[in-house]
2 protein chains.
Amino acid sequence: MARLSDIIETFLKTLINEEEGSVEIQRNELASKFNCVPSQINYVISTRFTTDKGYYVESRRGGGGYISIKRINTESAGDYLMHIITSIGDKISQHTCEVFINNFVDYNIIKYREAMLMKAATSDKVLMDVPIDKRDDVRATILKNMLMGLTVL
Amino acid sequence: MARLSDIIETFLKTLINEEEGSVEIQRNELASKFNCVPSQINYVISTRFTTDKGYYVESRRGGGGYISIKRINTESAGDYLMHIITSIGDKISQHTCEVFINNFVDYNIIKYREAMLMKAATSDKVLMDVPIDKRDDVRATILKNMLMGLTVL
DNA sequence: GGGTTATAATAGTCAGGGATAGTCAAAAAC
DNA sequence: GTTTTTGACTATCCCTGACTATTATAACCC
């Protein structure tokens, strides 16, 4: 019962690693390789290869069309973190928060144990005593403050 | 006749033992195995597989959704951490919290960066939006949950 | 040849259906 | 009175397909 979208995601990420950061595909070709409708490729890309997750996607229609995916260069983790910090608004849901944290791990910005700490500090479970209308605010504050702490190092 | 929730609890714990610490289930499937409504699975998990009891739960909805339960590793530093966790009361001031964290670093339980994260997540600055009479409770919860996270592995 | 138009070859969008899991409060059981 | 059980309602995720948009190239006309 493996989800096809996950398989395609993994396939693309492997390709990106092999190609050192970028890959160019043809939508229909990839779709037929995985026996799915072409639009599922769009679905995978729009849910897994977003800017927030550190990817840059370009495409072109018509004859010789293509989709190219590039991993954003994260040489200076500090800059990337600052970018993320400023992009986080005043509120953030637990889910979105986890997505961010998982990405930091993917990009080797934080370690697994650090991710566990961050998730533990921003889970709904931990914020039970915070009024529900304030919960996402507190979470955003905690997350941003932890990230700020990392940029200092 | 034992209560159904207890039976399901035992079943899951047996599975976790067989699978060496973790198990992945489908909510509806498990519910139909025990002839109960799916939400009873949620009840069992939220009452028997809590962080306090040493479990870590993740899930995903939609096609191919699942619920995964992991038992927290209680070996090595885990025992010491568990001891600390139980010694922390329901409330803790920012100052006491920092003393704890500094000690963890001194005793090589956590690294410097991890300490930064923990302090960032438990500072008064970050808990501004939490009603003052709840602040020390939330801080204690966050601290304990972060420490629990470290015992997972 | 140069410009215009038709055709084929792509990719994008969006709304809907099905498959899960989550929440919450009432009812039932203990 | 507390814990367990239930079910209606909600939220989320994946997959599909019809319809649209864009691009390159071939065909056509002058």
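As a basis for the values below, the full set of heavy atoms in this structure was taken, side chains included, without hydrogen atoms, waters or symmetry mates.
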Next on the checklist: Applying a strict under-4.5 Å side-chain criterion to I, L, V, M, F, W and Y, I'd like to know whether B:Leu127 and A:Met128 cluster together.
Outcome noted: no
Next on the checklist: In this structure, how many angstroms lie between the P atom of C:dT20 and the CD atom of B:Glu24, rounded?
Outcome noted: 13 Å
Item to check | Sequence-distant partners of A:Tyr43, side chain to side chain contact (heavy atoms under 4.5 Å, CB included), two or more places apart | outcome: A:Ser5, A:Thr47, A:Arg48
Item to check | Between C1' of C:dA19 and CD of B:Glu29, the distance in whole Å | outcome: 13 Å
Checklist entry - So does A:Glu58 pair up with A:Lys70, basic N to acidic O under 4.0 Å? => result yes
Checklist entry - Quick one: on DNA chain C, does A:Gly63 or A:Val57 contact a more 5' nucleotide (nearest heavy atom)? => result A:Gly63
Checklist outcome for this item: The answer to which of A:Thr47 and B:Val44 contacts DNA chain D further toward the 5' end, by nearest nucleotide, is B:Val44
Checklist outcome for this item: Between CD of A:Gln26 and C1' of C:dA8 the distance, given in whole Å, is 14 Å
Next on the checklist: Between A:Asn28 and C:dA11, is there a contact of a side-chain N or O with OP1 or OP2 at under 4.0 Å?
Outcome noted: yes
Next on the checklist: Using a heavy-atom cut-off of 4.0 Å across all strands, would you classify A:Leu4 as base, sugar-phosphate, or nothing?
Outcome noted: sugar-phosphate
Checklist entry - Which residues satisfy the salt bridge (Lys or Arg N to Asp or Glu O under 4.0 Å) test with A:Lys33, sequence neighbours excluded? => result none
Checklist entry - Between A:Asp6 and A:Gly62, who's closer to the 5' end of DNA chain D by nearest nucleotide? => result A:Asp6
Checklist entry - Given C:dA21, is OP1 or OP2 found less than 4.0 Å from the side-chain N or O atoms of A:His95? => result no
Checklist outcome for this item: For nucleotides 22-30 of chain C, 5' to 3', base contacts (B), sugar-phosphate-only contacts (S) and non-contacts (-) with protein non-hydrogen atoms under 4.0 Å give BB-------
Checklist entry - Would you find a donor on one side and an acceptor on the other, under 3.5 Å apart, between the side chain of A:Ser93 and the backbone of A:Thr96? => result yes
Checklist entry - With sequence neighbours left out, what residues match A:Gln26 under side chain to side chain contact (heavy atoms under 4.5 Å, CB included)? => result A:Glu29
Checklist entry - Quick one: A:Gln40 CD to D:dC13 C1', roughly how many Å, whole number? => result 11 Å
Checklist entry - Is any side-chain N or O of A:Tyr43 closer than 4.0 Å to OP1 or OP2 of D:dC15? => result no
Checklist entry - Can you check the B:Glu9 CD to D:dT4 C1' distance for me, whole Å? => result 13 Å
Between N or O atoms, less than 3.5 Å apart, protein on one side and nucleotides 25-28 of chain D on the other: list the pairs.
none

Checklist entry - In terms of ring plane angle, is the pair A:Phe100 and A:Phe104 parallel, tilted or perpendicular, where the classes change at 30° and 60°? => result parallel
Item to check | Whole-Å distance separating the CD atom of A:Gln94 from the P atom of D:dA11 | outcome: 16 Å
Checklist entry - Just wondering, more than 12 heavy atoms not from A:Asp90 lying within 6.0 Å of its CG? => result no
Item to check | Residues forming a salt bridge (Lys or Arg N to Asp or Glu O under 4.0 Å) with A:Asp129, sequence neighbours excluded | outcome: none
Checklist entry - Separation of A:Leu30 atom CG from C:dT10 atom C1', in whole Å? => result 14 Å
